[in-house]
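Input: a single structure, listed below in structure tokens.
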Amino acid sequence: MDDEKSSKSDKPTSKVYAICVLATLSGFLTGYNTAVVSGGMVAISKTYPMSTGMYEFIVSSTIGMAVLTSPLGGKLNNNIGRRPVMLISGVTFCIGPIIISLANSLAVIIVGRCITGVGLGLGSSTVHIYVAEVSPPTLRGRLVAVKQLIEVLGFIVAALATEEFRSRESGWRLLMGLGAVPAVVQFVGFLFIPESPRFLLLKGKREEATAALKQFVNKDDVSEDIDKILENINSTSQSGFTDIIMHKPALRALITSCAVQIIHHAVGYNAIVYYMIPIMLSVGVDYKWVGLVQFPPLAVLFVTLAIGLSLLDKLGRRPLLLASLMGVWLSTTLMSIAQYLLESDPGYKIGGCRMADLDCFKDPINQSTSGYSYLLVTAVTLFMASFGFGVAAIPWTINSEVFPNWARSTGNSIATSVHWLSNVVVASTFLTTKNAIGEGGVFALYASIGAASCLYVYLFVPETKGRTLEDMEEVFEKPLFSKRCCKSIETDEIKDVED
């Protein structure tokens, strides 16, 4: 299956696609459960009045639990397998929303949010590994990254559901409870999928691994594939975090994986999504549509992400990631310029309506009459488009494929924890940073991070398009600044492997 010179008989079976779609339902659950809280919490606070501190704690509790449980997911992946961990994740994704929908106090809501966070942490540290391990090299990038496409779909569905139920009495209960429906579908489906062949070989179960592998490739004899995986596994007895630190290729893979996950958040995506509603209201969008103002930018993100997925295994990770970051750099620079122009324009009224006070926009007099507002909206749209075709999904693809077999679970779980921790840091520091240097200054900061990220990717992130998972140690053995580390599959580096 993972042979670069495979024939037509090596092509994946339809089961690979079915399993990958089922696994990526975790993306929908992630998107829905993290986005629905924005509208749901407004309604919940009317049923159960709470302080600002409690509001922020409830919102952040899910991500906090994801940070804590991602390393646990890596440990469980090594000990009991990918499939059982995905089943556990599915159960928690079912239980959490149901508890919230039936809650009779804020304490119960917190419990439900934390249980949902466990599912988020376990799922995000496992699903990408599983999909990468059962996918052929020629399709692995797209099949892994499709989870992020489905995650954006979860955001969009959450926005639509919020608009539908937010004004109903206790509508938040149904809004939160709906998250359990796809989780039930996913859990039932997971009962019928095989374990990852690579995990089975790690546990010395060759016969079971052979049977599992045959479900993913269109050929009867997979002994050559099994032998190649075993050769990679048997080349080392290492398995833990300390071993990764002491092993140069694995350490470089870990640094690369963590770095691209930090970049995913540090360029300002979370903050810009948070800023989306006042931006749209500031240019004259009627306040009654406040629940839907995020839909158009998310639709742009969805479309460009789909385009990026179609190109991922054709153009490669590096070119798309670099082009995406350049677009992010340009768009955040434009956002900074637009913000400074707005603040100097007498027609700009948003100064009286800050992000936390959306009710201020109910009065039309507070909406902007400045033409620069449309420049800001254009820059935001450009940002979503640029972010979508590269930075949105490629970090997860890199995360799932760069580690050797023995380090994949541990390394992936560490990088996943870094992902969620970066999410918390960026989201929690945005308002403080904005108050210190202004909104234009914040976007200038994100532009600077985008420029630095371009340089980092160009210098340190190697191309992995078309490489088998067993080849990754060779990829990361190359010198940091060697031009060879930046070549893709068409280069003589791959020809050596083929020979």
Side-chain angles (χ1 to χ4, degrees), residues 1-24 26 76-87 125-147 189-236 239 313 397 399-409 411-412 464-475 489 494 497-498:
M1 179 185 66
D2 274 336
D3 193 340
E4 188 63 23
K5 300 184 294 182
S6 62
S7 64
K8 290 184 179 180
S9 63
D10 294 297
K11 288 184 178 181
T13 63
S14 57
K15 194 165 190 174
V16 171
Y17 297 104
I19 287 174
C20 289
V21 169
L22 181 66
T24 53
S26 290
L76 292 175
N77 279 326
N78 273 332
N79 293 336
I80 64 176
R82 288 52 160 149
R83 179 175 173 271
V85 177
M86 289 192 294
L87 284 169
S125 64
T126 307
V127 169
H128 297 94
I129 291 179
Y130 182 82
V131 175
E133 290 183 339
V134 303
S135 303
T138 53
L139 293 173
R140 187 176 61 235
R142 277 172 281 179
L143 293 179
V144 171
V146 75
K147 178 178 179 289
F190 279 162
L191 293 173
F192 300 97
I193 68 172
E195 179 57 87
S196 163
R198 284 177 171 81
F199 170 77
L200 293 171
L201 288 173
L202 281 167
K203 296 301 179 181
K205 300 178 180 180
R206 180 177 181 125
E207 189 174 325
E208 292 179 40
T210 300
L213 187 56
K214 287 181 178 179
Q215 297 186 51
F216 301 120
V217 294
N218 283 308
K219 60 180 181 179
D220 296 325
D221 186 6
V222 296
S223 57
E224 186 178 339
D225 303 86
I226 294 292
D227 289 340
K228 184 174 182 180
I229 298 171
L230 277 175
E231 181 182 355
N232 178 267
I233 292 173
N234 294 332
S235 65
T236 179
S239 62
D313 289 310
T397 298
N399 201 27
S400 68
E401 66 186 5
V402 296
F403 296 102
N405 285 311
W406 59 268
R408 187 166 300 122
S409 294
N412 184 77
T464 55
K465 181 189 76 170
R467 301 305 297 257
T468 67
L469 297 178
E470 284 65 48
D471 290 336
M472 292 302 167
E473 283 190 81
E474 179 186 352
V475 172
I489 187 169
I494 304 300
V497 177
E498 291 181 347

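Source: prediction; values computed, not measured. In this chain, residues are counted from 1 in sequence order.
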Exercise for the section: Kindly say whether L191 contributes a backbone atom to a donor-acceptor pair with the side chain of R83 at under 3.5 angstrom? Expected result: yes
Handout entry: Gap separating the CD1 atom of I129 from the CE atom of M86, nearest 0.5 angstrom
Key = 10.0 Å
Problem - Rounded distance [0.5 Å steps], CZ in R408 versus CZ in F199 - result: 13.0 Å
Problem - Shortest non-hydrogen contact from R140 toward A132 - result: CD-O, 3.7 Å
Exercise for the section: For S400 and V144, work out which heavy atoms get closest and say how close. Expected result: OG-CG1, 3.5 Å
Completion exercise
For T397 and A145, the nearest pair of non-hydrogen atoms, with its separation, is OG1-CB, 3.6 Å
Practice task
Could you tell me whether the side chain of D471 reaches within less than 4.5 Å of the side chain of K228, counting heavy atoms only?
Solution key: yes
Problem - Any side-chain heavy-atom pair of E473 and W406 under 4.5 Å - result: yes
Practice task
Give, for atom CD of E207 and atom CG of L200, the distance between the pair rounded to the nearest 0.5 Å.
Solution key: 11.5 Å
Problem - Straight-line distance of L213 CG to I226 CD1, nearest 0.5 Å - result: 5.0 Å
Handout entry: Side-chain ion pair, E195 and K205, N-O less than 4.0 Å
Key = no
Practice task
Please check if the side chain of D313 supplies one atom and the backbone of R142 the other of a donor-acceptor pair under 3.5 Å.
Solution key: yes
Handout entry: salt bridge (Lys or Arg N to Asp or Glu O under 4.0 Å) between E208 and K203, worked out
Key = CA-CA 10 Å; E208 292 179 40; K203 296 301 179 181; over 6 Å; no
Practice task
Only counting residues at least two apart or in another chain, list the ones meeting side-chain contact (heavy atoms from CB on, under 4.5 Å) with L202.
Solution key: R82, I233
Problem - Side-chain (N77) to main-chain (V85) donor-acceptor, under 3.5 angstrom - result: no
Problem - salt_bridge(R467, E474) N-O dist < 4.0 Å - result: yes
Practice task
Could you tell me which non-hydrogen atom of N412 sits nearest to which non-hydrogen atom of S125, and how far apart they are?
Solution key: ND2-O, 2.8 Å
Exercise for the section: Could you tell me which non-hydrogen atom of Y130 sits nearest to which non-hydrogen atom of P194, and how far apart they are? Expected result: OH-O, 2.7 Å
Handout entry: Flag side-chain contact, heavy atom, 4.5 Å: L469 against F403
Key = no
Problem - Student check: side-chain heavy atoms of K147 and V127 closer than 4.5 Å - result: yes
